[in-house]
Enquirer: 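Once you've had a glance at the structure underneath, I'll fire off some questions.
Residue numbers count from 1 along this sequence. The structure displayed is predicted, hence computed values, not measured ones.
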Amino acid sequence: MEAKKNPDVTAARNKAAAVVAAHRAKERRRRILLISGAGVVAVGVVAGVVIGVNASHTTPANAAGDASAAASHSSTQAPPWAAPVDASVRAKAAGLTMLTAEGSAEHIHTHLSITADGKAITVPGDIGIDLSAQLISPLHTHDATGIVHVESPVVKKFTLGEVFTEWDVALAADRVGSYSTGGGYTLTTFVNGKKTSGDPAAIQLADHEDVDIVITKGTETATAPAAFTWPAGY
């Protein structure tokens, strides 16, 4: 005899499947858009872009420090923090070169979450994506899931500071946007549920890694959020 299906479970599964399908459809549309824009570019120009990416990261020892300095000079306004309208400018500020299509030599995904006073702050889509120019950074977001995509034509390490610089949100050991230790806030960073010390901007992104920034005030103790559940296909 066939077991009776729970309508609530079925509805939840259908909803989850619809979210994943919508995400994949959006990503396919964006890839098609970028590829169609790249079709008119000569092979030599594309090669030049790849060479430019290599040239912009010739000093890996200084990369974390440079990203930290750039992120700390980004906007200090209060959330919500939308994706910047000048994606190409912000990518340049992060020391990254915009591309005509996503790279594949380095392809990882990191999940980022920010919580302030117990409330989640949205990490928006289109960080690092210049739709008007049909260009994309090797470091970008597609949606508001908090998933940060690294799709680079060269193998290298990317940092959390570069994400925040592209986003135009200040990040340092003592500040996240408008929240600062000088204002009475405590900034705690967790990587895969474990508390980390030092400058969060220097954190190197790794595949299927959870990076959680928790902002508290007064005597409240920061706790790591539950681990992120990765959608199928990542």
Side-chain angles (χ1 to χ4, degrees), residues 23-24 26-28 30-31 33-35 38 46 49-68 70-71 74 83-84 87-114 122-131 134-169 171 189-192 196 199-213 227-234:
H23 168 75
R24 288 177 174 173
K26 180 179 179 180
E27 191 156 333
R28 283 196 300 269
R30 198 181 304 281
R31 288 175 186 271
L33 172 63
L34 291 169
I35 291 170
V46 174
V49 171
V50 174
I51 292 171
V53 174
N54 277 304
S56 67
H57 297 287
T58 54
T59 55
N62 298 328
D66 292 344
S68 177
S74 298
S88 292
V89 172
R90 295 311 307 170
K92 183 178 180 180
L96 302 173
T97 300
M98 297 296 274
L99 310 169
T100 54
E102 295 157 319
S104 58
E106 181 81 6
H107 189 186
I108 65 172
H109 302 95
T110 299
H111 183 258
L112 169 64
S113 79
I114 307 170
T122 299
V123 179
D126 292 337
I127 295 172
I129 297 178
D130 190 333
L131 291 174
Q134 295 190 347
L135 295 173
I136 189 167
S137 165
L139 184 60
H140 56 270
T141 64
H142 285 293
D143 49 37
T145 59
I147 297 175
V148 177
H149 298 246
V150 173
E151 292 169 286
S152 169
V154 294
V155 177
K156 68 172 294 291
K157 293 295 185 181
F158 292 84
T159 67
L160 190 63
E162 291 170 323
V163 177
F164 275 77
T165 299
E166 285 195 313
W167 192 4
D168 196 15
V169 176
L171 177 67
T189 305
F190 298 91
V191 176
N192 292 334
T196 64
D199 188 351
I203 292 175
Q204 293 185 340
L205 306 184
D207 197 30
H208 281 202
E209 183 177 69
D210 278 348
V211 178
D212 304 297
I213 299 175
F228 179 65
T229 301
W230 288 90
Y234 281 92

Enquirer: Asp168: what forms a salt bridge (charged side-chain N to carboxylate O under 4.0 Å, His left out) with it, not counting sequence neighbours?
Expert: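 Only Arg90 meet the salt bridge (charged side-chain N to carboxylate O under 4.0 Å, His left out) criterion with Asp168.
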Enquirer: Under a 3.5 Å distance rule, please check whether Asp210 uses its side chain to pair with a backbone N or O of Val191 as donor and acceptor.
Expert: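 Such a contact is absent between Asp210 side chain and Val191 backbone.
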Enquirer: Kindly say whether Thr189 contributes a backbone atom to a donor-acceptor pair with the side chain of Thr196 at under 3.5 angstrom?
Expert: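 Yes.
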Enquirer: Closest heavy-atom contact between Ser88 and Leu135?
Expert: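 Residues Ser88 and Leu135, closest heavy atoms: OG-CD1, 4.3 Å.
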Enquirer: Say you draw a straight line from CD1 of Ile127 to CG of Leu139; how long is it, rounded to the nearest 0.5 Å?
Expert: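 So the gap between those two atoms works out to 9.0 Å.
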Enquirer: Determine the minimum heavy-atom distance between Gly128 and Met98, stating which atoms define it.
Expert: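 Closest approach of Gly128 to Met98: O-CE, 3.7 Å.
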Enquirer: Using modelled atom types and a 3.5 Å cut-off, is there a donor and acceptor pairing between side-chain atoms of Thr159 and backbone atoms of Ala202?
Expert: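 Answer holds: no.
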Enquirer: Minimum heavy-atom separation for Gln204 to Glu209, with atom names?
Expert: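 Heavy atoms of Gln204 and Glu209 come nearest at O-OE1, 3.4 Å.
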Enquirer: Looking only at heavy atoms, which two atoms of Pro84 and Trp167 are closest? And how far apart?
Expert: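 Smallest heavy-atom distance, with atoms named: CD-O, 3.8 Å.
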Enquirer: Between the side chain of Ser152 and the main-chain N/O of Val155, is any donor-acceptor distance below 3.5 Å?
Expert: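 Here the side-chain-to-backbone pair does not exist.
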Enquirer: Taking only residues two or more places apart in sequence or in another chain, which ones pass ring-ring contact (aromatic ring centres under 6.0 Å, His included) with Phe228?
Expert: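 Testing Phe228 for ring-ring contact (aromatic ring centres under 6.0 Å, His included), a comparison that skips the adjacent residues, returns His111, Trp230.
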Enquirer: Closest heavy-atom contact between Thr141 and Val123?
Expert: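 It is CG2-CG1, 4.5 Å.
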Enquirer: How many angstroms lie between CD1 in Ile114 and CZ in Phe164, if you round to the nearest 0.5 Å?
Expert: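 Going from CD1 on Ile114 over to CZ on Phe164, the span is 3.5 Å.
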Enquirer: Using modelled atom types and a 3.5 Å cut-off, is there a donor and acceptor pairing between side-chain atoms of His140 and backbone atoms of Ser137?
Expert: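 Yes; judged by distance alone, with no hydrogens or angles, the pair exists.
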Enquirer: List in chain and number order the residues that pass side chain to side chain contact (heavy atoms under 4.5 Å, CB included) with Thr122, two or more places apart in sequence or in another chain; answer none if no residue qualifies.
Expert: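 Partners of Thr122 under the side chain to side chain contact (heavy atoms under 4.5 Å, CB included) test: Ala144.
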